[in-house]
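Here is the structure we will look at.
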Amino acid sequence: MKSTNITWHESKVGKTERQQLKKHQSPVLWFTGLSGSGKSTLSVEVEKALYELGVHSYRLDGDNVRHGLNKNLGFSPEDRAENIRRIGEVAKLMNDAGLVTLTAFISPYREDRDQARELFEDEEFIEVYTKCSLEEAESRDPKGLYKKARSGEIKGFTGIDAPYEEPNAPELIVETDKNTLEDSVRQVIQYLQENKYI
Ligand SMILES: Nc1ncnc2c1ncn2[C@@H]1O[C@H](COP(=O)(O)OS(=O)(=O)O)[C@@H](OP(=O)(O)O)[C@H]1O
Ligand SMILES: Nc1ncnc2c1ncn2[C@@H]1O[C@H](COP(=O)(O)OP(=O)(O)O)[C@@H](O)[C@H]1O
């Protein structure tokens with residue numbers, strides 16, 4: 001912490017009031033998984049389904065955020081940690097704003113994800129593991145990045161020559177190499193409804 005002499009300024013309207021106005025809770029759906037596992041595809045569809053249900057949400061996606069807020073970060077373990085730290089803090093602001101937040105980052109390190117989780121109250125952080133075998137993700141290769149990683153053109157690519165640490169106890173596991181996209185969307189929405197988030 002570099003800044004000193006700073007104080008917290010309370011609002012007269014808080015998270016509870018904003019949630020009451022919107023008539024739903026504001027958890028973060030933290031999608032994590034290999035490149036090509038379906039984080040973006042699934043979160044886009046879940047966002048659409050939430051919109052159709054009248055739920056206010058916002059999606060933060062690795063590729064998009066790295067064009068702006070996090071454009072000074074690369075893919076070293078330290079930069080990935082800082083990427084995830086900032087996203088955790090942004091998601092926390094959105095949580096306070098009363099939005100359901102969907103984050104779609106590889107977030108390969110357990111420790112980084114757990115630090116993000118710690119920013120939230122217990123039920124507000126929903127870790128969604130988009131589980132997909134490396135073989136399947138690599139065969140999809142939607143951006144041609146696995147091919148580049150295999151040829152050595154990209155170094156430190158997750159799953160090839162950089163680690164992906166599977167979640168130990170995610171709230172949800174969505175098997176994108178076994179289930180259809182429609183079933184996966186239903187699974188996530190059902191979880192939110194059954195647990196009275198929306
Ligand atoms: N070295 C390396 N490793 C992994 N991914 C790479 C790399 N270089 C570029 N890309 C592209 O960046 C996207 C991942 O960014 P993230 O912010 O989600 O990564 S991380 O959470 O900080 O690990 C990832 O997007 P997704 O495929 O959507 O996951 C890739 O398109
Ligand atoms: N059941 C599924 N769920 C999600 N994506 C799927 C599924 N089946 C096939 N795909 C395809 O897999 C690719 C996943 O890419 P993407 O969503 O960009 O993954 P990520 O964001 O994890 O890198 C897309 O081309 C998508 O159409």
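These numbers come from the heavy atoms of this one structure, side chains and all, not from hydrogens, waters or symmetry mates. First listed ligand is number 1; within each ligand, the first listed atom is number 1. We number each residue from 1, following the sequence as shown.
- No more than 12 heavy-atom neighbours from other residues, nucleotides or ligands sit within 6.0 angstrom of CD on Glu111.
- The atoms of ligand 1 that sit less than 4.0 Å from any heavy atom of Ile84 are 21 (O).
- No donor-acceptor pair closer than 3.5 Å links the side chain of Tyr146 to the backbone N or O of Gly159.
- Proximity of His56 to His24: side-chain heavy atoms (C-beta onward) are separated by under 4.5 Å at one or more points.
- A distance of 13.0 Å separates NZ of Lys147 from CZ of Arg150, quoted to the nearest 0.5 Å.
- Ligand 1 has at least one atom lying under 4.0 Å from a heavy atom of Gly156.
- Among Glu182, Arg140, Glu136, Glu45, the residue whose heavy atom lies nearest to atom 8 (N) of ligand 2 is Arg140.
- With a 6.0 Å cutoff to the six-membered ring centre and a 45° limit on the axis angle, Arg66 counts as a cation-pi contact of Phe75.
- Among all protein heavy atoms, the one lying closest to atom 2 (C) of ligand 1 is Phe157 CD1, 3.4 Å.
- Arg117 has a carboxylate O that lies under 4.0 Å from a charged side-chain N of Glu171, or vice versa, which qualifies the two as a salt bridge.
- Among protein heavy atoms, atom 23 (O) of ligand 2 sits closest to Gly36 N, 2.7 Å.
- Nearest protein heavy-atom neighbour of atom 20 (S) of ligand 1: Asn83 ND2, 3.7 Å.
- Near Leu181, the atoms of ligand 2 lying under 4.0 angstrom from a non-hydrogen atom of the residue are 1 (N), 3 (N), 4 (C).
- Salt-bridge check for Arg186 with Glu182: failed, with every basic side-chain N at 4.0 Å or more from each acidic carboxylate O.
- A donor-acceptor contact under 3.5 angstrom links the side chains of Gln19 and Ser26, judged on distance only.
- The existence of a salt bridge linking Lys39 and Asp61 is excluded, since no basic side-chain nitrogen approaches an acidic carboxylate oxygen closer than 4.0 Å.
- When atom types are taken as modelled, the side chain of Asp177 and the backbone of Ser133 share a donor-acceptor pair closer than 3.5 angstrom.
- Proximity of Asp61 to ligand 2, defined as any heavy-atom pair under 4.0 Å, is not found for any part of the residue.
- Taking atom 27 (O) of ligand 1 as the reference point, the nearest protein heavy-atom neighbour is Ser35 OG, 2.5 Å.
- Less than 4.0 angstrom separates some heavy atom of Leu34 from each of these atoms of ligand 2: 22 (O).
- Those atoms of ligand 1 with a heavy atom of Thr158 less than 4.0 angstrom away are 3 (N), 4 (C).
- Atom 18 (O) of ligand 1 has its closest protein heavy atom at Ile106 N, 2.9 Å.
- Closest heavy-atom approach to atom 5 (N) of ligand 2 within the set Ser43, Gly38, Ser184: this belongs to Gly38.
- Counting heavy-atom neighbours within 6.0 Å of Glu135 CD, excluding the residue itself, gives a total of 12 or less.
- Within the 4.0 Å heavy-atom shell around ligand 2 one finds Ser37.
- When the heavy atoms of Asp183, Thr176, Asp141 are ranked by distance to atom 3 (N) of ligand 2, first place goes to Thr176.
- The shortest heavy-atom distance from Thr180 to ligand 2 is under 4.0 Å.
- The backbone N or O of Gly156 sits less than 3.5 Å from a side-chain atom of Asp161, completing a donor-acceptor pair.
- In the model, Ser37 has no side-chain atom that pairs as donor or acceptor with a side-chain atom of Tyr129 under 3.5 Å.
- Here's the thing with Lys143: none of its N/O atoms is less than 3.5 angstrom from an N/O atom of ligand 2.
- Put simply, no part of Leu42 is less than 4.0 Å from ligand 2, judged by heavy atoms.
- The nearest non-hydrogen atom to atom 28 (O) of ligand 1, considering only Lys39, Lys148, Lys143, comes from Lys143.
- Of the heavy atoms in Pro142, only side-chain atoms (C-beta onward) come closer than 4.0 Å to ligand 2.
- Counting atoms of ligand 2 from 1 in the listed order, those under 4.0 Å from a heavy atom of Ser35 are 23 (O).
- In this model, a donor atom of one side chain and an acceptor atom of the other lie less than 3.5 Å apart for Arg80 and Thr158.
- In terms of protein heavy-atom proximity, atom 18 (O) of ligand 2 is closest to Ser40 CB, 4.0 Å.
- A side-chain donor-acceptor contact under 3.5 Å links Lys92 to the backbone of Leu119.
- Under 4.0 Å is where a charged nitrogen must lie from a carboxylate oxygen, and between Glu82 and Arg85 at least one such pair does.
- Here the heavy atom of the protein found nearest to atom 1 (N) of ligand 2 is Asn179 O, 2.9 Å.
- The atoms of ligand 2 that sit less than 4.0 Å from any heavy atom of Thr41 are 5 (N), 14 (C), 15 (O), 16 (P), 17 (O), 24 (C), 26 (C).
- Rounding to the nearest 0.5 angstrom, the gap separating the CD1 atom in Ile84 from the OG atom in Ser107 is 4.5 Å.
- Applying the 4.0 Å criterion to heavy atoms of Pro108 picks out, from ligand 1, the atoms 21 (O), 23 (O).
- Under a 4.0 Å criterion applied to the non-hydrogen atoms of Lys155, ligand 1 contributes the atoms 1 (N).
- Nearest protein heavy-atom contact of atom 15 (O) of ligand 1 is Arg66 NE, 3.4 Å.
- When Phe105, Phe75, Tyr164 are checked for heavy-atom proximity to atom 19 (O) of ligand 1, Phe75 turns out nearest.
- The closest protein non-hydrogen atom to atom 30 (C) of ligand 1 is Leu145 CD1, 3.4 Å.
- Atom 23 (O) of ligand 1 has as its closest protein heavy atom Arg80 NH1, 2.8 Å.
- The nearest heavy-atom contact from the protein to atom 13 (C) of ligand 1 is Asp63 OD1, 3.6 Å.
- Other residues, nucleotides and ligands contribute over 12 non-hydrogen atoms within 6.0 Å of the CZ atom of Phe157.
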